[in-house]
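Single-structure report; data block below.
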Amino acid sequence: MKDNKTEEIKALIARRLKDLKGDTPYNVISEKCNTTSARISDVANNNIDCQLTTLIDIAIGLRVSPAKLLDIDFNFEDYYRKLDGK
């Protein structure tokens, strides 16, 4: 695949998680879900690829919709047009 933006998108999701987290410690978030504070920190710092279940658990811990966690500022339509050569 040409021009893969996966790493950029992962970084934007990590930034979104940090924005939603605010000043809340990772351990407080982890107490509200089935994910460890270390795992949440790893996702927030873009240190790991995580499973969908981990993203859902983090959203639960943050008390937000998983869609809100994935609501990043990235123009997917433009990206797809470029991938398709349009």
Side-chain angles (χ1 to χ4, degrees):
M1 173 184 280
K2 46 188 164 161
D3 195 29
N4 189 325
K5 298 281 187 175
T6 301
E7 289 304 315
E8 180 181 344
I9 294 166
K10 281 178 46 188
L12 289 169
I13 292 169
R15 178 76 245 158
R16 180 72 173 148
L17 192 164
K18 284 185 175 184
D19 289 345
L20 291 170
K21 172 193 161 301
D23 294 332
T24 306
Y26 293 119
N27 67 314
V28 171
I29 297 167
S30 72
E31 290 171 358
K32 299 177 182 179
C33 64
N34 292 321
T35 301
T36 66
S37 59
R39 175 65 51 109
I40 297 168
S41 174
D42 282 342
V43 175
N45 290 301
N46 199 17
N47 292 332
I48 62 168
D49 284 337
C50 67
Q51 295 181 340
L52 180 58
T53 53
T54 302
L55 286 177
I56 293 168
D57 275 340
I58 292 170
I60 290 168
L62 290 168
R63 300 299 196 253
V64 299
S65 163
K68 190 166 185 168
L69 185 59
L70 298 173
D71 185 15
I72 58 172
D73 186 19
F74 184 86
N75 189 332
F76 283 96
E77 291 176 10
D78 185 50
Y79 173 53
Y80 297 148
R81 276 194 297 276
K82 288 178 183 174
L83 285 177
D84 295 337
K86 296 180 181 179

Phe76 CZ to Ile72 CD1 distance, which is reported to the nearest 0.5 Å:
4.0 Å
Euclidean distance, Cys50 SG relative to Leu17 CG, rounded to 0.5 Å:
8.5 Å
With sequence neighbours left out, which residue pairs that include part of residues 55-65 fulfil the side-chain hydrogen bond (donor to acceptor under 3.5 Å, both in side chains) condition?
Thr35-Asp57
If a pair satisfies side-chain hydrogen bond (donor to acceptor under 3.5 Å, both in side chains) and one of its residues is in residues 36-47, list it, with sequence neighbours excluded.
Lys18-Asn45, Ser41-Asn45
Closest heavy-atom pair and its distance - [X], [Y]:
X: Gly61; Y: Cys33; answer: N-CB, 3.8 Å
X: Lys68; Y: Arg16; answer: O-NE, 2.9 Å
X: Ala14; Y: Ala44; answer: CB-O, 3.3 Å

Leu20 vs Ile58, test: side-chain contact (heavy atoms from CB on, under 4.5 Å). Steps then yes/no.
CA-CA 11 Å; Leu20 291 170; Ile58 292 170; over 6 Å; no
Salt bridge (charged side-chain N to carboxylate O under 4.0 Å, His left out) partners of [X], counting only residues at least two apart:
X: Asp71; value: none
X: Lys10; value: Glu7, Asp49
X: Arg81; value: Asp78

Answer yes if Phe74 and Tyr80 sit in the same cluster of Ile, Leu, Val, Met, Phe, Trp and Tyr residues linked by side chain heavy atoms under 4.5 Å apart, and no otherwise.
yes
For residues Leu70 and Ile56: do they belong to one hydrophobic cluster (side chain heavy atoms under 4.5 Å, members Ile, Leu, Val, Met, Phe, Trp, Tyr)?
no
Could you tell me if the side chain of Thr53 sits less than 4.5 Å from the side chain of Asn34, heavy atoms only?
no
Are more than 12 heavy atoms, taken from residues, nucleotides or ligands other than Glu31, located less than 6.0 Å from that residue's CD atom?
yes
Please enumerate all residues that pass side chain to side chain contact (heavy atoms under 4.5 Å, CB included) together with Val28, with sequence neighbours excluded.
Thr24, Pro25, Lys32
In sequence, state the C-alpha distance, the side-chain angles, and the governing distance for Asp73 and Leu12, and then conclude on side-chain contact (heavy atoms from CB on, under 4.5 Å).
CA-CA 7 Å; Asp73 186 19; Leu12 289 169; 5.6 Å; no
